[in-house]
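Naming convention: chains lettered A, B, ... in sequence-line order (proteins, then strands); numbering from 1 in each chain.
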There are 2 protein chains.
Amino acid sequence: MTRQRGGDRQILICDDEPQILRALRLVLRADGFGIVQATTGREALDAAALRPPHAAIIDLVLPDIDGIEVCRRLREWSEMAIIVLSAVGDEEEKVRALRAGADDYVTKPFGPDELVARLQAALRRSDPEPPEPVVRADGLEVDLAARTVRRDGEEIHLTPTEFELLRVLVRNRGRLMTHRALLVEVWGPRYAEEPTVLRGQIANLRRKIERPDGPRRLIRTDSGVGYRFVG
Amino acid sequence: MTRQRGGDRQILICDDEPQILRALRLVLRADGFGIVQATTGREALDAAALRPPHAAIIDLVLPDIDGIEVCRRLREWSEMAIIVLSAVGDEEEKVRALRAGADDYVTKPFGPDELVARLQAALRRSDPEPPEPVVRADGLEVDLAARTVRRDGEEIHLTPTEFELLRVLVRNRGRLMTHRALLVEVWGPRYAEEPTVLRGQIANLRRKIERPDGPRRLIRTDSGVGYRFVG
DNA sequence: CCTCGCCTTGACGAAATCTGTACGCCGGGC
DNA sequence: GCCCGGCGTACAGATTTCGTCAAGGCGAGG
């Protein structure tokens, strides 16, 4: 089951090892973050100045400027979330990094999930309101950030799968989503060719969010192709 | 109705087990991908160097070079999509593969549909398709990406075949499309000599998108030859 | 161990779509 | 004016796809 936890937030990643850079890029992309990358401290500072990201992940050892120094200079003008990467779990280095303004300190090797979790925690501190908009249509109110759905003020309870499905539809509102695309996004690639499960959840979702007795206004079906959320 | 999900993209597949190689070949061919195959890491690297494919699917265990090493060497010079195959779902191996630059990691046994779905996702990341533009003509608005059609702001519902037909016409707007060409594109080669089906759908399409009482402005007939979408 | 909520699956009637036939229309050739 | 080939439209049967419901599995929590 894929999640779009990153919203549209931009992350600056800086490391001199191409493999690490690439691994970071893949992990973060998969979680819906936007990426700006740099291989030296100077590049990182320039990139951040040019287009301020929401967070930065910076390796401690860089060819030119020390990662801690990069961190300090960013802090001079920005409140962005900063995570420092290091190969060694040296306690003293860690303290220096935090003193320089880092929000967190991650030692390599790290698992992708751990990194994303720490990044999110850091983002939550520095940028508490991710800009996921509240979507309104036909008296329905979907707040993707708060994970709530209301119909005429009354809160509606959705199960995890139902909400995930609604999220994908809402994020692509107006656009037709094929069965295949929905299945891959919500259930994962294994379910790409299992339309029955999709039908079941669409039925549940409609029973909960559409007006009890009336035509379909929110989720429209295109027979033989897919579904769309009308915006 | 034929699908050409693979486009003309070339996929390099590399595995030492002939059955797996064969299975991959069949699945990918069926989806319209072109295939280059190799049974050793060296062969794979040579083949990729000779004629760079759009993506590579590489088994982890190979007679000569480790699959991860193959992946790393490809990454030295190419941004192609890379998927690593493995018999075991070892989390550590997975991380190593992603670090080495793989885009995704699939464990055997895998369903054909899952593999194709993951391959398409990987291709989408590495080689994003240019966005399809919105086409406007005589108050009609066709958004090929969102799969929507509007006439003076009012949304028009098209069936799958109607939309497919319109898509082919719009993509070649101004250009004359022969009956034969339209039939092959929309219905597949079997229908190349069946103009009646085409006439029926053209009639439906016109009833929906042309102005109710007025001359044809959008789809013009070239008697004895074909149709064209006037832009 | 039981209960509860959630997800999946299969079956069946209902709806949408596709295909092929029938028939009327139009323009060119004679 | 008449014939004829190609075209446009309406319609009906066949086929595919959808919506709904009930039954069963699975896992969390008590």
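At a cut-off of 3.5 Å, with distance as the only test, a side-chain donor of B:T221 or B:R206 sits close to an acceptor on the other residue.
Computed from coordinates, the A:I202 CD1 to C:dT9 C1' distance equals 17 Å when rounded to whole Å. Between B:Y191 atom OH and C:dC18 atom C1' there is a gap of 8 Å when expressed in whole angstrom units. One atom, CG of A:D222, and another, C1' of C:dC18, lie 16 Å apart when rounded to the nearest Å. Between the P atom of C:dA14 and the CZ atom of A:R216 lies a distance of 16 Å, rounded to the nearest Å. Going from atom CG of B:L205 over to atom P of C:dC18 covers 12 Å, rounded to whole Å. With rounding to whole Å, A:L198 atom CG is found 11 Å from C:dT8 atom P. Going from atom CD of A:E162 over to atom C1' of C:dC7 covers 10 Å, rounded to whole Å. Atom-to-atom, CZ of A:R190 to P of C:dT9 comes out at 13 Å; the value is rounded to the nearest Å.
Side-chain N/O atoms of A:T161 include one lying less than 4.0 angstrom from OP1 or OP2 on C:dC7. Checking the phosphate oxygens (OP1, OP2) of C:dT8, no side-chain nitrogen or oxygen of A:T196 falls inside 4.0 Å. Close to C:dC18, at under 4.0 Å from its OP1 or OP2, lies no side-chain N or O of B:W187.
One finds no salt bridge joining A:R171 and A:E185 here, because no Lys/Arg side-chain nitrogen approaches an Asp/Glu carboxylate oxygen to under 4.0 Å.
Nucleotides of DNA chain D lying under 4.0 Å from heavy atoms of chain B occupy a range whose first and last members, 5' to 3', are D:dG6 to D:dA10.
Residue B:Q201 is classed as a base contact, given a heavy-atom separation below 4.0 Å to a base. At a threshold of 4.0 angstrom between heavy atoms, the contacts of A:R207 with the nucleic acid are absent.
When distances are taken from the side chain of A:V197 to each of C:dT19, C:dT9, C:dT17, the shortest belongs to C:dT9.
Interatomic distance, OG1 of A:T161 versus CG of A:L166, reported as 12.5 Å (0.5 Å rounding).
Across every non-hydrogen atom of B:D15 and B:L85, the tightest pair is OD2-CD1, 4.1 Å. Summarising the geometry of A:G174 relative to B:T148, their closest heavy-atom pair is O-CG2, 3.5 Å, with the distance given to 0.1 Å.
DNA chain C is contacted by both A:L158 and B:R199; A:L158 maps to the nucleotide lying nearer its 5′ end (nearest heavy atom per residue).
For the pairing with A:L119, the side chain to side chain contact (heavy atoms under 4.5 Å, CB included) check across A:D103, A:V106, A:L28, A:D104 returns one residue only, A:L28.
More than 12 heavy atoms of other residues, nucleotides or ligands shown are found within 6.0 angstrom of CZ on B:R75.
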